[in-house]
Amino acid sequence: MTHSIALLGSTGSIGRQTLEVARELGLSVAVLTARSQVDLMERQVREFCPRLAVMMDPDAAAELRLRLSDTDTQVLSGAEGLLAAATAHEADTVVTAVVGSVGLAPTLAAIRQKKRIALANKETLVCAGELVMSEARRCGAEIIPVDSEHSAIFQSLQGCRDMEQVRRLLLTCSGGPFFGKSRAELNEVRPEDALRHPNWSMGAKITIDSATLMNKGLEIIEAMRLYCLPVEQVDAVIHRQSIVHSLVEYRDGAMIAQLGTPDMKLPIRYAFTFPDRAPSPAPPLDLITCGALTFEKPDEDAFPCLKIARQCGKTGGTACAIMNAANEEAVMAFLRREIGFNDISRRVEHALSRVAVKYAPTLEDILEADRLARAAVKDQ
Ligand code: NAD
Ligand code: MG
């Protein structure tokens with residue numbers, strides 16, 4: 001059970017919902033971090049009184065320090081600030097709710113301090129999953145997924161003592177706002193269309209990833225790393241209602257799933273209370289009124305990111321780090337309206353064709369792959 005948290009990315013979608021759960025469970029908040037949103041950070045600090053607040057952006061940190069001069073909260077900035085946040089001695093649990101591979105170094109630092117990791121930042125496991133998981137095993141740090149699909153799998157695996165009993169993991173996927181569109185129709189879609197997700201309200205990057213289905217691709221790799229399974233044992237299925245959050249298929253054919261209304265506060269709460277559960281103020285799912293639950297095959301021709309991710313999961317080495325970094329850059333370019341929707345997958349494929357994969361990579365190899373992939377996308 002968590003008592004005190006360090007929350008990396010407190011101003012984001014997961015960060016704000018984490019603070020709602022912290023309020024509800026009466027957790028102490030030792031650290032808050034964000035990139036540049038000073039107003040919201042100031043309000044959060046005044047409510048939760050953390051010992052440390054970190055702004056990635058140095059100007060934002062200077063502004064926050066000025067505004068908080070009447071409080072006891074220390075303000076730091078930049079990558080060193082983020083590392084100090086991840087290793088703060090008061091926190092037993094670090095919530096990684098930053099977006100992108102910037103989460104890698106702080107996650108590793110927190111693992112080395114044997115913190116419980118409530119992991120939302122999937123890009124970290126995608127770019128360096130084998131390294132992160134082996135460090136967690138070596139240091140005895142628990143990694144509890146916050147991503148709803150992986151939390152559902154984690155919950156459905158309780159009582160399973162041996163992964164040999166699992167035939168496959170089945171990740172559900174809402175299909176995003178462009179479900180049913182052809183590749184040609186997708187040429188025309190704009191950022192504002194993509195930012196309208198049917199079931200979940202999330203940060204901009206993951207919302208675009210959900211529209212391209214790269215989010216499901218990233219999640220396939222995240223599941224492979226969390227549960228040490230080959231890509232052939234992780235599948236995705238379209239489930240438009242986002243009620244079944246994912247399933248485990250056991251070798252005797254039993255399928256165990258977790259169901260609920262789409263609400264990230266459930267997996268966040270569970271990451272704090274595991275192995276117990278706490279009462280939730282939200283009304284439970286009503287099976288009588290929730291309507292029919294449907295399942296179908298994803299269209300990998302219209303949404304090639306799923307295929308690309310599966311191939312990178314199979315290739316291993318730095319392939320997933322290259323794919324992830326290229327995708328981060330391509331999504332940002334799409335949000336800035338510099339490229340079209342279908343160019344996102346093209347840019348990722350381009351980076352994968354330009355940057356050589358290294359096998360059994362060190363952390364330096366992964367960081368180098370990340371840098372080269374970003375450069376390859378920008379050069380195109
Ligand atoms: P968001 O964009 O809403 O928030 C991101 C947070 O990270 C903000 O606090 C921002 O200030 C901070 N941040 C951004 N860039 C940073 C940088 N370079 N350095 C330091 N801090 C930075 O994102 P989100 O939707 O909350 O997602 C956070 C993570 O959780 C992502 O990895 C996402 O894939 C994952 N996730 C989100 C959801 C969801 O429902 N939002 C669900 C599952 C997984
Ligand atoms: Mg998810």
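Here, residue 1 is the first one in the sequence, and each next residue gets the next number. Order of listing sets the numbers, starting from 1, for every ligand and every atom in it.
Ring centroids of Phe274 and Phe154 are separated by less than 6.0 Å, placing the two rings close together.
Compare Gln44, Arg35, Glu149, His150 by their heavy atoms: the one nearest to atom 16 (C) of ligand 1 is in Arg35. For atom 28 (C) of ligand 1, the candidate residues are Ala97, Gly15, Ser13; the nearest heavy-atom contact is made by Ala97. Residue nearest to atom 29 (C) of ligand 1, selected from Thr33, Leu125, Ile206, Val98: Val98 (by heavy-atom distance). Scanning Glu328, Glu222, Met56, Met264 for the heavy atom closest to atom 42 (C) of ligand 1 points to Met264. Between Leu119, Ile14, Asp147, Val126, it is Ile14 that holds the heavy atom closest to atom 26 (O) of ligand 1.
Residue contact check: Ser10 has heavy atoms under 4.0 Å from atoms 9 (O) of ligand 1. Listed by number with element, the atoms of ligand 1 under 4.0 Å from a non-hydrogen atom of Gly9 are 6 (C), 7 (O), 9 (O). Shown in contact with Ala120 at under 4.0 Å from a heavy atom are these atoms of ligand 1, numbered in order with element: 30 (O), 32 (O), 35 (C), 36 (N), 44 (C). Ligand 1 places these atoms under 4.0 Å from at least one heavy atom of Ala34: 11 (O). Close contacts between ligand 1 and Thr11 involve ligand atoms 8 (C), 9 (O), 10 (C), 11 (O) [criterion: under 4.0 Å to a heavy atom].
When only non-hydrogen protein atoms are considered, atom 4 (O) of ligand 1 lies nearest to Gly12 CA, 3.1 Å. Looking at atom 18 (N) of ligand 1, its nearest protein heavy atom turns out to be Val102 CG1, 3.9 Å. The single protein non-hydrogen atom nearest to atom 40 (O) of ligand 1 is Met202 CG, 3.3 Å, given as residue, atom name and distance. The protein heavy atom nearest to atom 14 (C) of ligand 1 is Val99 CG1, 3.6 Å. Protein heavy atom at the shortest distance from atom 34 (O) of ligand 1 is Lys122 CE, 3.2 Å. In terms of protein heavy-atom proximity, atom 2 (O) of ligand 1 is nearest to Gly203 CA, 3.9 Å. The nearest protein atom to atom 32 (O) of ligand 1, hydrogens excluded, is given as Glu123 OE1, 2.7 Å; this is a heavy-atom distance.
Here Lys358 does not pair with Glu368 in a salt bridge; the nearest charged N to carboxylate O distance is not below 4.0 Å. Salt bridge absent: Arg23 and Glu20 never bring a charged side-chain N and a carboxylate O closer than 4.0 Å. A salt bridge is defined here as a Lys NZ or Arg NE, NH1 or NH2 lying under 4.0 Å from an Asp or Glu carboxylate O, and Asp57 with Arg35 fails to meet this definition. At a threshold of 4.0 Å, the pair Arg67-Asp39 counts as salt-bridged, since one of the basic side-chain nitrogens sits closer than that to a carboxylate oxygen. Ionic pairing of Asp235 and Lys297 is not present here: no N-O contact between side-chain nitrogen and carboxylate oxygen is shorter than 4.0 angstrom. At a threshold of 4.0 Å, the pair Asp299-Arg183 does not count as salt-bridged, since none of the basic side-chain nitrogens sits closer than that to a carboxylate oxygen. Taking the charged nitrogens against the carboxylate oxygens, Arg196 and Glu192 have no contact shorter than 4.0 Å, which rules out a salt bridge. The existence of a salt bridge linking Glu24 and Lys265 is excluded, since no basic side-chain nitrogen approaches an acidic carboxylate oxygen closer than 4.0 Å.
Distances from the Mg ion (ligand 2) under 2.8 Å pick out these protein N/O/S atoms: Asp147 OD1, Glu149 OE1, Glu219 OE2.
Screening His150, His245, Arg277 for a side-chain hydrogen bond (donor to acceptor under 3.5 Å, both in side chains) involving Gln155 leaves a single residue, Arg277.
The number of heavy-atom neighbours closer than 6.0 Å to CD of Gln158, taken from other residues, nucleotides and ligands shown, is above 12. Within a 6.0 Å radius of CG in Asp286, other residues, nucleotides and ligands contribute more than 12 heavy atoms.
In the model, Gln241 has a side-chain atom that pairs as donor or acceptor with a side-chain atom of Thr294 under 3.5 Å. Side-chain polar atoms of Glu90 and Ser4 form no donor-acceptor pair below 3.5 angstrom.
With a heavy-atom cut-off of 4.0 Å, Gln37 does not touch ligand 1 at all.
Checking only distances, Leu82 never comes within under 3.5 Å of ligand 1, N or O to N or O.
Taking the six-membered ring where the residue is Trp, Phe295 and His239 present parallel rings, their angle staying beneath 30° rather than reaching 60°.
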